[in-house]
Number of protein chains: 2
Amino acid sequence: MNFVRIGEKPEISRLPLFRDMDDGKRERIFSGSFLQVFPPQLTLFAAGQQSDFLYVLVDGLVELYAVSAGRETTMRIVEPVTSFILAAVVTDMPFLMSARTLVSSRILLVPAALMREVIKQDAALMQATMQELAVGYRGLVRALTDMKLRQSAERLGNYLMEQGVRLGDPEAFELKGEKRVLASLLGMTPENLSRAFGVLRDHGVGVSGSRVTILDRDRLARFSRPDPVPPDPI
Amino acid sequence: MNFVRIGEKPEISRLPLFRDMDDGKRERIFSGSFLQVFPPQLTLFAAGQQSDFLYVLVDGLVELYAVSAGRETTMRIVEPVTSFILAAVVTDMPFLMSARTLVSSRILLVPAALMREVIKQDAALMQATMQELAVGYRGLVRALTDMKLRQSAERLGNYLMEQGVRLGDPEAFELKGEKRVLASLLGMTPENLSRAFGVLRDHGVGVSGSRVTILDRDRLARFSRPDPVPPDPI
DNA sequence: TCGATCAATTGATCTATATCAATCACTGCC
DNA sequence: GGCAGTGATTGATATAGATCAATTGATCGA
């Protein structure tokens, strides 16, 4: 367990969540938090547990998953630098999701009680928390719509288009995490993910290992029918 | 278009969202808002539109639905007294969902800009908004998990158990809205909703029209495997 | 009271996706 | 360099749920 080192601060401070708040208050949060490195495939917390920390993934990759009816499903693949499990911290309710590292990860742990306390004191932090929750809410509305209305290959197509934009190069990028995790995120089996990639090959998508190339964006869009409302910025 | 009448205030003021805020500020919001009655089956707003108002359903029934890939799906059945479409208002982004009245409804319209302005001024309102979004976020996490992991009859079983508790009598209650809307909410066709009710008949559920009776709660729970983490209050 | 209308139900298929079963292709290690 | 071990792919089959097609039942107005 280490306290937050100087080198880490800038990228964490640059997060929308902490960016606009009072410097002293931010310092207070950071000095009460600690950075920890976790090995791959380690369970960080399980659904049902009391939410003792807000997590900020600084480096690595984390999977959030939910369990129900004896099976599990990936809810989110968290890429750095992002906070996660904010809603549980804000409501002071047990986690609905579990988390595990997919690769070795450096994570900032902010004590939930401290976070809740400073939120109450700092209007900018509260505002940012509110925004983050609202944006997250809308992301889930999209995800649920996607799951209810689109079929698997279309979901994959949309995911690839969005991921391309998010990662900076809409034409070509690397998939994050194993394909089986991606399959679970998209609500399908690994077998069907393979077949879905096969389908998309005829609609302007190239894949080789985890390298994805979007050869014909219009063609892919025509097939996967992206949401008319464009994605929210951050 | 009428301004908020005295008679309406108490139940709106009692909403968690407005309950704890400064009285003067609340007055400011209410005097800038108006109550309106809408006939059944009227579209209140459509996805993609700029979010000009926060809506509070005072009386009646409203359906929130999303459209994608040419089809539509019910996202939420809003019962009084509840605010809706808060995330769009907070982020000042276009609606992701459309809304229509299912029956004649009395609705409070709070101008979105006014809402955002007062949120910035009143810490208690901001806090309540944050809480509401966090609770909503968790509701969507549950809904998405449900859709991904449970099959249709189980989803129905869980819905009925929760609805019973929410409406005050876990043993017997009336379904809100038409069954076709419920089917869409639960991500199935009306035909399959009928069959799902048929399945649940062997698992402690009685139905007659829109009247649902839960004859054997344990049996139903055994079948539909409710979430181990209990639902959030409010 | 009788049709007309529309939601709900029931039955018969069809289809997207899951499941089961190999096989293939890496990756790392001895 | 070869061979476990693991993830990805491909193929064959099974199944939950959709779709199509009537039929039933309830509501409402003439």
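- Each of L185(B), T74(B), L44(B) was scored for a side chain to side chain contact (heavy atoms under 4.5 Å, CB included) with E63(B), with one residue passing: T74(B).
- Ring-plane geometry between F34(A) and F53(A) is classed as perpendicular, the angle between the planes exceeding 60 degrees on a 0 to 90 degree scale with a lower cut at 30.
- Separation of atoms CG (L220(B)) and CG (N158(B)) is listed at 7.5 Å; rounding is to 0.5 Å.
- In this structure, F197(A) has no ring-ring contact (aromatic ring centres under 6.0 Å, His included) partners at least two apart in sequence or on a different chain.
- The distance from atom CG of L156(B) to atom C1' of dA16(D) is 15 Å, rounded to the nearest whole Å.
- With respect to F84(A), the side chain to side chain contact (heavy atoms under 4.5 Å, CB included) criterion is satisfied by exactly one of L64(A), L54(A), V89(A), V56(A): L64(A).
- In this structure, CD of Q151(B) is placed 12 Å from P of dA18(D), rounded to the nearest angstrom.
- In this structure, the side chains of V229(A) and R142(A) come closer than 4.5 Å at one or more pairs of heavy atoms.
- The outermost nucleotides of DNA chain C lying under 4.0 Å from heavy atoms of chain A, listed 5' to 3', are dA16(C) to dC20(C).
- Summarising the geometry, the separation between CG on L186(B) and P on dA16(D) is reported as 18 Å, rounded to the nearest angstrom.
- Two residues are said to be in side-chain contact when any heavy atoms from C-beta on lie closer than 4.5 Å; P111(B) and S33(B) meet this criterion.
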Footprint string (nucleotides 5-10 of chain D, 5' to 3'): B base within contact, S backbone only, - free, heavy atoms under 4.0 Å: --SSBB
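- Counted by atom type alone, R195(B) and N192(B) present one or more donor-acceptor pairs between their side chains at under 3.5 Å.
- As judged by a 4.0 angstrom heavy-atom cut-off over every strand, R71(B) is placed among residues touching the sugar-phosphate backbone only.
- At a threshold of 4.0 angstrom between heavy atoms, the contacts of S152(B) are confined to the sugar-phosphate backbone, with no base atom among them.
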